[in-house]
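Quantities reported herein were computed from a predicted structural model and do not represent experimental measurements. The first residue in the sequence is number 1, and the count goes up from there.
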Amino acid sequence: MLPNFEPMLATRWQKPFDDSGWWFEVKWDGYRAIISNEGGRLRARSRRGIDLLGPFPELEMLPIPDGVVLDGEIVAFDPDGRPSFSLIQRRTGFGGAGTGDRTPVNYVVFDVLYSSGEERIGMAYEERRELLDSLDLQSPLVMPEPTKGAGIALYEVVSQQGIEGIVGKKSGSRYTPGRRSADWRKVSVRRQMRAVVGGYVEGEGSRSSTFGSLLLGLWEDGHLRFIGAVGSGFDEPTLTAIRSSLEMIERGSSPFHIAVRYPGRLHWVEPGIVVNVEYKEWTSDGSLRAPVYKGVDLAEISDITWEAEGPEGLS
C-alpha cells in the first residue's frame, strides 16, 4: 500500500532574491494536492486530507504511472493562460460544495514523493526533480521547469503576468512532509493570506438577505485573534451560498478572545471556514487594510495562525 504524505509547506519571504544555491518555481494559485496511482486506482487528497476526486472527477484519468506519488497543484487557467483561483472556485463552490460548473483544470506537478517501491522524500531537491523528469509525464499533466539562481528575474516575469508569486527551493533540501520549512520560501506578488471566519456583520440594503462582511481571525496561542472584516469581492451567488453556510454554524457567543468592536449587528459562527483574501497592508494594530475576498480555502483550520499568516515584526 502506498504511504500517505502530508505536503511540505513554504515559509513566507519578504522579497525575491538571486542565489545559485536555490531553484525557483512559479507559485500556482489553485488547490494543493497529493495524487497517487496504486494499481490503476488514483487518489487525490488536499492538505486537509479531503478527497478531491469528488469536485474534480477527471483527475482519475491522469496518466500517472503505477506506484507513484506526486505533489502538485490543481489549477484552472484563464483564456490568457494565467492561473485563476476564481475559476477553480466555480468547481468547488463555497465550503467545498460542488456548483455543477465544469471549468477545465490541470494538475501542475512539482515533486515526486514515492516511486519504484521507495520513498523519495530523503533525496535532495534536484535529485527529485531529475527523477520527476525521468517519469516522462504526459499531458494533461503540466510540469514546468524550475529556474536556477535567478529568483528576481522570475519574480519580475510573474509580476508582469499577474501571477501570484514564486517559490524558492534550496539545493540539497529534503522533503519534510507536513512541516513548514525555511528550505522553501514563498514570495507573493499580491499580498494574499488565509483567515478563519469567526462571524459576520448583518447586511443592509441590497445585502439585507445575505451579509455585509465576514469577521476574520487568526489563531494565536490557542485563541482566535480578530484581524478585521472583509466585505468586498463577493458576487450575488457567492453571497447567497456563504450566508447559507454561515447559518448552519451560528453560535451564541464570540469565538474571538478579545471583544470585537465593529459597526453593525454582529453574528458569531463556529470557526470552521477558511477564506483567501488579498489586502493592501497591515495596520499598526494588527488589522487588515482594504481586504478583498478571493475564495474559500481547503486548508486545515488549525494551520491558520498568526505566526504563519500574520505580518512579520508585529506582535
Open item on the list: Taking atom NZ as the centre, does Lys170 end up with more than 12 heavy-atom neighbours from other residues, nucleotides or ligands that are less than 6.0 angstrom away?
Closed with: no
Task: Ser171 versus Trp23, side-chain donor and acceptor atoms under 3.5 Å - done: yes
Open item on the list: So that I know where these two stand, are Phe24 and Phe17 an aromatic pair - ring centroids less than 6.0 Å apart?
Closed with: yes
TODO: Could you state whether Leu9 and Ile74 fall into the same hydrophobic cluster, counting links through intermediate Ile, Leu, Val, Met, Phe, Trp or Tyr residues with side-chain heavy atoms under 4.5 angstrom apart?
DONE: no
Task: ILVMFWY cluster membership beyond Leu2 - transitive side-chain contacts under 4.5 angstrom - done: Phe5, Met8, Ile34, Val69, Leu113, Tyr114, Ile121, Tyr175, Trp184
TODO: Give a yes or no on whether a salt bridge exists between Arg120 and Glu118, defined as a side-chain N under 4.0 angstrom from a carboxylate O.
DONE: yes
Task: Residue pair Gln160 / Tyr155, side-chain donor-acceptor N/O under 3.5 Å - done: no
Open item on the list: Is it the case that the side chains of Asn4 and Arg43 hold a donor-acceptor pair, with the cut-off being a distance below 3.5 Å and no angle test?
Closed with: yes
- [ ] For the residue pair Asp66 and Val68, establish whether any side-chain heavy-atom pair is separated by less than 4.5 Å.
- [x] no
- [ ] Indicate whether the side chain of Ser209 and that of Arg243 have a donor and an acceptor atom separated by less than 3.5 Å.
- [x] no
TODO: Taking only Lys NZ, Arg NE, NH1 and NH2, and the carboxylate oxygens of Asp or Glu, determine whether Arg47 and Asp303 approach each other closer than 4.0 Å.
DONE: yes
Open item on the list: Is there a continuous path of hydrophobic side-chain contacts, each under 4.5 Å between heavy atoms, that joins Tyr31 to Val277?
Closed with: yes
TODO: Measure from the ring center of Trp22 to the ring center of Trp13 and say whether it is less than 6.0 Å.
DONE: no
Task: Residue pair Met143 / Arg129, side-chain heavy-atom distance below 4.5 Å - done: yes
TODO: State whether Asp71 and Arg32 are salt-bridged, where the test is any N-O pair (Lys NZ or Arg NE/NH1/NH2 against Asp/Glu carboxylate O) under 4.0 Å.
DONE: yes
Task: For the student: nearest non-hydrogen atoms of Pro271 and Pro255, plus distance - done: CG-CB, 3.7 Å
Open item on the list: Do Phe226 and Leu224 have side chains that approach each other closer than 4.5 Å (heavy atoms only, starting at C-beta)?
Closed with: no
Task: Joint hydrophobic cluster, Val230 plus Leu266, side-chain heavy atoms closer than 4.5 Å - done: yes
